[in-house]
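Report on the following structure.
We name chains A, B, ... by the order of the sequence lines, and we start the count at 1 in each one. The structure presented is a predicted model; accordingly, all values stated were derived computationally and were not measured.
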Amino acid sequence: MDEKFLKPYNPNETEGRIYEAWEKSGLFNPDTCIAEGVTKDDALTFSMVLPPPNVTGRLHMGHALMLAIEDAIIRFKRMRGFRTLWIPGTDHAAIATQSVVEKQVKKEEGLSRHDLGREELMKRVQAFAAESHDTIIGQLKTMGASLDWSREAFTLDETRSRAVRTVFKKMYDAGLIYRGLRIVNWDPKGQTTISDDEIVYEERTAKLYTFRYSKDFPIPVATTRPETKVGDVGVAVHPDDARYKEYVGKEYDVVFCDVPLHIKVVADKDVDPAFGTGAVGITPAHSKIDWEIADRHELSHEVIVINEYAKMTVPGRLEGKKVTEAREEIVEWLKSEGLLEKEEETPQQVATAERTGGIIEPLPKLQWWIDVNKEVPGRGMTLKELMLDPVKTGAITFVSEHFEKVYVHWIENLRDWCISRQIWYGHRIPVWYRGEEAVAGEAPAGDWAKDGWTQDEDTLDTWFSAGIWTFSTLGWPESTKDLATYHPTDLIETGYDILFFWVARMILMTEFTLGQVPFKTVYLHGLVRDAQGRKMSKSLGNNMDPLDVAAKFGADAARMALVVGNTPGTDMRISEDKIKGYKLFANKLWNISRFILENTQGADLAAPLSEQDQAHLATLDDIAKDVTADIEAYRIYLAAEKLYHYVWHELADKILEESKPIIQGDDAAAKASRQALLLTLLDRSLKLLHPFMPFVTEEIYQSMPTKDASFLMVAKWPEA
RNA sequence: GCGUCCUUAGCUCAGUUGGUAGAGCAACGCAUUUACACUGCGAAGGUCGGGGGUUCGAGUCCCUCAGGACGCACCA
């Protein structure tokens with residue numbers, strides 16, 4: 001027996017060394033597996049992309065959970081003989097990354113991005129991204145992820161950039177990408193547009209003011225934003241509202257807080273007669289719904305009274321004031337003029353930017369959009385329908401079916417996707433202008449700048465490049481062998497919090513570009529919370545660093561703790577106590593091995609098994625059958641638990657105890673049978689446990705007399 | 001407002017297609033130079049949120065009520 005078993009299992013001495021050996025073997029790469037005869041040339045494929053972590057810093061426990069699940073599945077498939085590919089990569093994460101660096105520069109040097117300029121800021125961001133990338137790759141390896149590093153990708157590298165430009169052009173030519181002036185979600189803090197999904201609503205109480213534009217104006221109007229009223233061009237009431245019927249169509253000129261306004265009364269069914277006074281002041285430039293109402297009634301869109309810095313632009317007393325100051329000023333003015341009729345508290349959902357926390361200012365802006373309601377040429381369906389179709393037909397299934405309902409509900413409410421951002425880090429919009437001319441896709445031939453062309457200043461939403469990840473990582477737009485072999489991928493595994501951001505966008509982009517689903521199955525995991533059930537956050541100081549956890553208890557223990565009993569789609573709680581329990585389990589397995597190896601020296605593996613021992617073998621066969629079915633059905637939380645239970649309470653507590661007198665006894669046949677049994681049971685247990693605890697099982701396997709492959713990682717899965 | 005999920009042992013959670021309730025941790029009793037930086041054995045603990053229905057049979061399906069979490073939404 002190897003002397004290493006005389007000491008308790010020490011993951012710190014083992015895990016790094018094992019990972020290095022795996023990596024060196026090249027067996028994470030399916031091509032090597034085929035070359036070495038581990039995988040058959042014509043084996044079924046199983047492919048998966050790693051959801052690329054943002055290059056914004058370090059990995060958290062959510063990432064560790066993701067890796068534990070995905071690596072378990074990939075290792076299982078690899079051992080079962082599948083041609084298995086798991087592609088690693090990282091995401092440039094546009095706004096997220098740029099804002100981290102901007103904050104850093106502001107803090108350390110007191111400079112804004114405009115002080116630095118586009119080129120210099122990009123240098124800083126790229127340096128930061130490179131550093132984050134290296135940290136993240138190290139963390140992925142620490143967790144034991146068996147990713148094929150030869151195929152690593154980055155959402156902003158050359159191959160992926162080309163894919164982005166190609167998809168953009170294809171959509172542009174199909175008339176699905178358009179440039180349009182609309183009300184956007186403007187983040188004054190981040191100085192960029194954001195999509196609807198990047199908004200976080202915060203519940204606050206606001207004041208609802210009821211007022212009249214002037215003493216002789218016939219209709220009182222309610223608002224929570226008096227400062228926007230200097231931009232009003234109309235008042236809308238419900239068509240059936242008897243109170244105001246006589247005024248519909250009439251026009252009024254008023255002077256409101258020194259600003260001359262021309263107000264037309266219109267009837268629109270979107271107005272709720274029961275709310276406030278049943279009349280809405282229409283501010284087309286600073287409210288989405290007002291813009292639409294103005295559209296329907298041919299009211300002017302031109303009146304803009306707030307700028308990108310959330311400051312007033314109307315000439316006079318309000319000019320240059322922040323919106324909050326202007327609000328107070330106007331309320332004072334209304335009071336002094338006797339125009340304020342009521343002031344009441346009302347609950348309000350304030351739209352804020354997810355990344356910066358800035359309060360969203362709706363502004364009209366010329367932006368790039370993806371039209372989700374227009375028929376896709378040649379497909380007979382809109383993008384919305386293309387997103388729904390594979391889910392409805394079952395081409396894509398969700399591991400927890402209820403997410404299918406959530407997904408459908410979201411799509412039913414989906415509007416056009418704003419894809420342009422006014423930041424610098426990301427894929428520059430591939431459109432070049434010269435006068436009235438515009439070309440999309442690739443830059444005009446020759447020295448285009450000299451020829452009078454300029455490229456669009458904006459960059460693309462980071463989810464645009466993330467949306468094509470399943471095929472851009474396989475080399476598209478080249479028709480590569482990888483693409484033909486591994487796409488559609490089999491499984492996407494990610495957090496439910498990015499179902500809309502990412503999963504939905506991948507379905508959209510892939511259906512459009514390839515006419516394929518990006519993946520066949522969606523497995524969504526929940527949030528990792530602390531022992532009290534709170535979200536982990538910097539401000540609470542309850543963050544757990546996967547690296548610290550791995551250093552203290554071992555990556556195997558962390559992985560087991562994250563997987564056992566954690567049903568897909570539901571949040572889980574993690575504590576050091578729980579992880580410690582699985583460190584003890586690793587040690588238990590270690591000692592089981594020590595006992596078995598110590599007591600089976602020189603044993604005959606082919607010895608005939610007694611009836612009792614055959615029964616023990618059959619028990620494990622049943623477990624193996626169960627576990628295989630569980631993992632195939634993505635119930636890996638059950639598989640891991642069953643194995644834990646078997647190894648500890650069946651193999652150790654019952655069979656090992658029962659074996660002591662047999663091995664020390666005089667019945668040579670019984671002893672030989674039992675020795676062969678113990679080695680077989682241990683061998684199979686190691687194989688079954690490997691996907692969940694890859695390091696300790698590999699380390700033991702290397703000392704097993706039953707060793708039948710270079711690495712346990714590529715040993716054959718025990719099929720009953 | 002629309003939608004989704006949760007409520008099972010003191011705590012955290014399982015319970016795959018309906019067949020007389022399970023695990024981990026905690027707590028209790030006992031054992032222990034044992035393969036085990038500990039571990040083993042044993043006992044205890046639940047009217048499965050309330051009510052109703054379908055069924056030979058419901059933690060599991062349907063309805064309803066209550067409490068909690070979350071997602072979406074242009075209520076000015």
Scan Ala279(A) against the nucleic acid and name what it touches under 4.0 Å (heavy atoms): base, sugar-phosphate only, or nothing.
nothing
A37(B) phosphate, OP1 or OP2, under 4.0 Å from Asn591(A) side-chain N/O:
yes
Syn within 90° of 0, anti beyond: A23(B) is anti
Which whole number of Å gives the distance between the P atom of G15(B) and that of C61(B)?
12 Å
Could you tell me whether Arg635(A) contacts a base, only the sugar-phosphate backbone, or nothing, with contacts defined as non-hydrogen atoms closer than 4.0 Å?
base
Taking Lys642(A) for its side chain and Val627(A) for its backbone only, find out whether a donor-acceptor pair lies under 3.5 Å.
no
Which part of the nucleic acid, if any, lies within contact of Lys660(A), taking any heavy atom under 4.0 Å across all strands shown: a base, the sugar-phosphate backbone alone, or nothing?
base
Got a salt bridge between Arg225(A) and Glu361(A), using NZ or NE/NH1/NH2 to carboxylate O under 4.0 Å?
yes
For A26(B), give the paired nucleotide (Watson-Crick: N1-N3 plus N6-O4 or O6-N4; G-U: N1-O2 and O6-N3; both under 3.5 Å), or none.
none
Counting heavy atoms from C-beta on, name the nucleotide in A76(B), A37(B), C5(B) closest to the side chain of Gln348(A).
A76(B)
Taking the six-membered ring for Trp, are the ring centroids of Phe211(A) and Phe256(A) within less than 6.0 Å of each other?
yes
Whichever of Ala274(A) and Tyr496(A) has the more 5' nearest nucleotide on RNA chain B, that residue is Tyr496(A)
Under 4.0 angstrom, heavy atoms only, what part of the nucleic acid is Gly581(A) near: base, sugar-phosphate, or nothing?
nothing
Would one find a side-chain N or O of Asn587(A) under 4.0 angstrom from OP1 or OP2 of A37(B)?
yes
Among A35(B), C41(B), C74(B), the one nearest any side-chain atom of Arg415(A) is C74(B)
G-U wobble or Watson-Crick pairing nucleotide for A21(B) (cut-off 3.5 Å, both distances)
none
Expressed in whole Å, how much space separates the P atoms belonging to U7(B) and U54(B)?
25 Å
Phosphate-side-chain proximity, Trp648(A) and G40(B), N/O vs OP1/OP2 below 4.0 Å:
yes
Residue Leu638(A), side-chain heavy atoms: nucleotide from A14(B), A37(B), C74(B) that is nearest:
A14(B)
Using atom C1' of each nucleotide, how far apart are A26(B) and A44(B) to the nearest Å?
13 Å
Pairing partner (Watson-Crick or G-U wobble, both distances under 3.5 angstrom) of A9(B):
none
Give the intermediate values and the outcome of side chain to side chain contact (heavy atoms under 4.5 Å, CB included) for residues Arg80(A) and Thr628(A).
CA-CA 10 Å; Arg80(A) 286 203 85 191; Thr628(A) 306; 3.6 Å; yes
Are Arg573(A) and C13(B) close enough that a side-chain N or O sits under 4.0 Å from OP1 or OP2?
yes
Does Thr346(A) make a side-chain N or O approach to OP1 or OP2 of A76(B) shorter than 4.0 Å?
no
Taking pairing as Watson-Crick or G-U wobble with both contacts under 3.5 Å, can you name the mate of G49(B), or confirm there isn't one?
C65(B)
Of all the choices, G40(B), C74(B), G71(B), which nucleotide is nearest to the side chain of Ile289(A) once you look at every atom?
C74(B)
Between G40(B), A73(B), C2(B), which one does the side chain of His409(A) approach most closely?
C2(B)
Taking the P atom of each, how far is C2(B) from A9(B), in whole Å?
32 Å
Output the single nucleotide from C72(B), U16(B), A76(B) whose closest atom is nearest the side chain of Thr224(A).
A76(B)
Paired to A76(B) by Watson-Crick or G-U wobble criteria (both distances under 3.5 Å) is none
Against the side chain of Tyr644(A), the closest entry in G40(B), G24(B), C75(B) is G24(B)
Keeping the roles fixed (side chain from Arg674(A), backbone from Ala670(A)), state whether a donor-acceptor pair exists under 3.5 Å.
no
The nucleotide from A76(B), U4(B), U16(B) with an atom nearest the side chain of Phe275(A) is A76(B)
Roughly how far apart, to the nearest Å, are U12(B) and A73(B) at atom C1'?
35 Å
G40(B) phosphate, OP1 or OP2: any side-chain N/O from Lys588(A) under 4.0 angstrom?
yes
Name the nucleic acid region contacted by Leu584(A), choosing base, sugar-phosphate or nothing; use a 4.0 angstrom heavy-atom cut-off, strictly under.
sugar-phosphate
Is there a side-chain contact between Leu589(A) and Thr697(A), using heavy atoms and a 4.5 Å cut-off?
yes
Nucleotide nearest His649(A) (side chain, heavy atoms from C-beta), chosen from G24(B), C74(B), U39(B):
G24(B)
Both distances under 3.5 Å, Watson-Crick or G-U wobble: report the partner of U33(B), or none.
none
What nucleic acid atoms does Val564(A) come within less than 4.0 Å of, heavy atoms only: base, sugar-phosphate, or nothing?
nothing
Under 3.5 Å for both donor-acceptor distances, Watson-Crick or wobble: does U54(B) have a partner, and if so which one?
none
Does a side-chain N or O of Thr567(A) approach OP1 or OP2 of A14(B) to a distance below 4.0 Å, or not?
yes
Counting heavy atoms from C-beta on, name the nucleotide in A35(B), A37(B), A14(B) closest to the side chain of Glu657(A).
A35(B)
Between Lys77(A) and Glu632(A) the two heavy atoms that sit nearest each other are NZ-OE1, 2.9 Å
Along RNA chain B (nearest heavy atom to each residue), the more 5'-positioned of Phe500(A) and Val406(A)
Val406(A)
How would you label the contact of Thr570(A) with the nucleic acid (heavy atoms, under 4.0 Å): base, sugar-phosphate, or nothing?
sugar-phosphate
Looking at every strand, decide which applies to Phe403(A) at a 4.0 Å heavy-atom threshold: base, sugar-phosphate, or nothing.
nothing
Heavy atoms under 4.0 Å, any strand shown: does Asn413(A) hit a base, just sugar-phosphate, or nothing?
sugar-phosphate
Before accepting this row, confirm whether a basic side-chain N of the pair Arg355(A)/Asp187(A) lies closer than 4.0 Å to the acidic partner's carboxylate O.
no
Give a yes or no on whether a salt bridge exists between Lys4(A) and Glu13(A), defined as a side-chain N under 4.0 angstrom from a carboxylate O.
no
May I have the distance from Gln349(A) (atom CD) to G71(B) (atom P), rounded to whole angstrom?
11 Å
side-chain N/O Tyr637(A) vs G15(B) OP1/OP2, d < 4.0 Å
yes
C70(B): pairing nucleotide in any strand, Watson-Crick or G-U under 3.5 angstrom:
G3(B)
Give Asn599(A) one of three labels, base, sugar-phosphate or nothing, depending on what nucleic acid heavy atoms sit under 4.0 Å from its own.
nothing
